[in-house]
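The structure appears right after this line, and notes come after that.
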Amino acid sequence: MKLLIVDAGHCLSLALAREAGRRSDTWLVIEAATRITPERLDEVAPDAVIVPPLSSPLSLAPAEVTAHANAVEACLDACLSRDVALVWCVSDQLYEDGHNEPIDEHLVPEPRDTSLRRLVQTGDRIRAEYHRHLIVRLGPLFALEGSHAWLGETIDSLVAGDNVRAAEDVIFCPTSADAVALALIGMLQQLGCGVSAWGAYHLAGIEPVSAFGFTSVVRTQLATHLDGRGETLTLGEVQALNHHHDAKLYRVLNCRRVLKVFGVHQKPWRLEVERMLEAWCLTRDNPAEGGEEGAS
């Protein structure tokens with residue numbers, strides 16, 4: 001199976017490269033650009049095009065969100081013209097106001113924010129015009145390296161002694177970029193073998209938590225790792241932010257459908273953080289190795 005991934009520096013693109021490097025059944029072509037032309041599809045002849053997500057569209061300028069939506073639709077047009085499957089990963093922030101219960105796939109986001117509505121329009125167009133698509137809604141991605149990585153940036157700030165501010169009143173499910181890469185390749189392999197299960201899926205980590213809770217766990221585990229190595233560093237503190245003063249906002253994705261259809265299990269984010277911190281320490285010991293554990 002050959003996959004074409006856009007946005008080469010994205011943390012999900014790097015995770016896909018690592019996962020493909022461990023396999024003999026998957027080949028990647030990674031593009032620096034964020035959009036694909038029909039002519040480029042003729043050159044590469046991929047089985048699918050994968051578009052990584054905007055990790056925090058609510059915090060981006062409207063022009064950035066619009067540019068992403070336009071790029072996705074350009075990829076859609078190219079895939080339609082050459083009958084190539086399209087995979088678009090999107091942030092759970094499209095569910096702007098959250099939900100009292102875990103959010104099922106059939107619940108199409110209806111955000112109030114104009115920029116988020118632009119992304120929903122792109123999703124509506126994909127669903128209406130092309131059956132060979134996967135729209136994969138993700139919890140907040142984390143990884144050690146690449147754009148939108150979150151974890152790597154948090155570690156760098158803490159090690160530098162900088163305080164990290166994180167919301168404690170929005171509850172979500174942090175999602176390992178490595179886990180998403182593994183799941184996407186597995187899903188596409190099954191679809192390539194004749195499974196007829198195109199559509200929208202939710203994929204996130206186990207155990208809802210706030211950004212403050214997640215970052216606090218990262219700081220605690222980081223301090224434990226450094227102490228075990230005999231390093232004495234004064235880490236930055238984690239400071240709580242509150243945006244919703246009346247009640248917490250729950251943005252928790254129900255991921256039962258991806259398990260039922262493809263057998264994809266959610267990965268506990270705590271275990272993924274622990275694994276990545278071990279990889280970070282290994283890189284700290286051997287800087288020449290670079291990247292996350294298993295990078296190729």
Transitive ILVMFWY side-chain link Val136 to Phe172, under 4.5 Å | no
When you check the side-chain N and O atoms of Thr122 and Arg118, is any donor under 3.5 Å from an acceptor?
-> yes
Are more than 12 heavy atoms from other residues, nucleotides or ligands located less than 6.0 Å from atom CD of Glu101?
-> no
Are any side-chain N or O atoms of Arg251 and backbone N or O atoms of Asp97, one a donor and one an acceptor, separated by less than 3.5 Å?
-> no
Pairs touching residues 145-171 that satisfy ring pair (Phe, Tyr, Trp, His ring centres under 6.0 Å), sequence neighbours left out | His10-His148, Trp150-Phe214
One should read off an interatomic distance between Ser157 OG and Arg165 CZ, to the nearest 0.5 angstrom, of 13.0 Å
Report yes if the side chains of Asp83 and Arg132 come closer than 4.5 Å at any heavy-atom pair, otherwise no.
-> yes
Pro174 vs Val209 side-chain heavy atoms within contact, under 4.5 Å = yes
Distance-only, no hydrogens or angles: does the Lys267 side chain make a donor-acceptor pair with backbone N or O of Ser176 under 3.5 Å?
-> no
From Cys89 atom SG to Leu54 atom CG, the distance as rounded to the nearest 0.5 Å = 11.5 Å
Salt bridge Arg125-Asp77, side-chain N to carboxylate O under 4.0 Å | yes
Atom CG of Asn100: over 12 foreign heavy atoms under 6.0 Å = no
Heavy-atom distance under 4.5 Å between the side chains of Glu207 and Pro268, does that happen here?
-> no
Taking the side chain as every heavy atom from C-beta outward, state whether Arg82 and Asp42 have any atom pair closer than 4.5 Å.
-> yes
Is the closest basic N to carboxylate O distance between Arg275 and Glu272 below 4.0 Å?
-> yes
Same cluster or not: are Ile50 and Ile185 linked, directly or through other Ile, Leu, Val, Met, Phe, Trp or Tyr residues, by side-chain heavy atoms under 4.5 angstrom apart?
-> yes
Is it possible for you to say whether Val90 and Tyr130 belong to one hydrophobic cluster, with membership spreading through side-chain heavy-atom contacts below 4.5 Å?
-> yes
Would you call Arg127 and Val108 a side-chain contact if the rule is heavy atoms closer than 4.5 Å?
-> yes
Indicate if Leu253 and Ile135 have the same hydrophobic cluster label, given that clusters are the connected sets of ILVMFWY residues with side-chain heavy-atom separations under 4.5 angstrom.
-> no
Without swapping roles, check the side chain of Arg257 against the backbone of Ala200 for a donor-acceptor pair under 3.5 Å.
-> yes
Cationic N near anionic O, under 4.0 Å, Glu19 to Arg23 | yes
Looking at CG of Leu28 and CG of Leu4, how far apart are the two atoms once the value is rounded to the nearest 0.5 Å?
-> 9.0 Å
Closest non-hydrogen atom pair between Pro140 and Cys173, with its separation | CD-O, 3.6 Å
Minimal heavy-atom distance between Asp178 and Ala15, with the atoms involved, is OD1-CB, 3.4 Å
Heavy-atom nearest pair, Leu203 first then Ala183, reads CD2-CB, 3.6 Å
Apply the test side-chain contact (heavy atoms from CB on, under 4.5 Å) to residues Arg137 and Leu94: give CA-CA distance (whole Å), side-chain angles for both, the deciding distance (0.1 Å), then the verdict.
-> CA-CA 9 Å; Arg137 304 184 185 115; Leu94 268 65; 5.9 Å; no
For Pro53 and Leu141, which heavy atoms make the closest approach, and how far apart are they?
-> CG-CD1, 3.8 Å
Note: Glu31-Arg40 ion pair, threshold 4.0 Å (strictly below) | yes
Are Trp88 and Leu134 side-chain neighbours, meaning at least one heavy-atom pair lies under 4.5 Å?
-> no
Is the backbone of Leu116 close enough, under 3.5 Å, to the side chain of Asp113 for a donor and an acceptor to pair up by distance?
-> yes
For Ala143 and Cys11, the nearest pair of non-hydrogen atoms, with its separation, is CB-CB, 3.9 Å
side-chain contact (heavy atoms from CB on, under 4.5 Å) assessment of Val264 paired with Val258 | CA-CA 6 Å; Val264 172; Val258 76; 3.9 Å; yes
Between the CG atom in Leu41 and the SG atom in Cys79, the distance rounded to the nearest 0.5 Å is 5.5 Å
State whether Glu237 and Arg219 are salt-bridged, where the test is any N-O pair (Lys NZ or Arg NE/NH1/NH2 against Asp/Glu carboxylate O) under 4.0 Å.
-> yes
Does a side-chain N-to-carboxylate-O contact under 4.0 Å join Arg256 and Glu105?
-> no
Supply the atom-to-atom distance Glu129 CD to Leu86 CG, rounded to the nearest 0.5 angstrom.
-> 11.5 Å
Is the backbone N or O of His225 less than 3.5 Å from a side-chain atom of Glu231, with the two atoms forming a donor-acceptor pair by type?
-> no
Test log, rule side-chain contact (heavy atoms from CB on, under 4.5 Å), inputs Val29 and Ile5 = CA-CA 6 Å; Val29 176; Ile5 298 104; over 6 Å; no
Does a side-chain heavy-atom distance below 4.5 Å link Glu110 with Arg117?
-> no
For the residue pair Leu3 and Leu188, establish whether any side-chain heavy-atom pair is separated by less than 4.5 Å.
-> yes
Stepwise side-chain contact (heavy atoms from CB on, under 4.5 Å) test for Leu222 and Leu277 | CA-CA 7 Å; Leu222 177 60; Leu277 282 173; 4.1 Å; yes
Are the side chain of Ser13 and the backbone of Val6 linked by a donor-acceptor contact shorter than 3.5 Å?
-> yes
Between atom OG1 of Thr283 and atom CE of Met276, what is the distance when rounded to the nearest 0.5 Å?
-> 12.0 Å
Is it true that a side-chain atom of Ser59 and a backbone atom of Ser56 form a donor plus acceptor pair closer than 3.5 Å?
-> yes
Note: Pro208 and Ile171 closest approach over all heavy atoms is CB-CG2, 3.6 Å
Any donor-acceptor pair under 3.5 Å linking the side chain of Thr26 with the backbone of Ser24?
-> no
Among Thr175, Asp7, Leu184, find the residue that satisfies the side chain to side chain contact (heavy atoms under 4.5 Å, CB included) test when tested with Leu12.
-> Leu184
Leu144, Val159: one ILVMFWY side-chain cluster at the under-4.5 Å cut-off?
-> yes
Side-chain donor/acceptor of Trp269 to backbone N/O of Ile206, under 3.5 Å | yes
Look only at the side chain of Gln239 and the backbone of Val164, and say whether a donor-acceptor pair between them is shorter than 3.5 Å.
-> no
Counting only heavy atoms not in Gln121, do more than 12 sit closer than 6.0 Å to its CD atom?
-> yes
Centres of the Tyr201 and Phe262 rings: under 6.0 Å?
-> yes
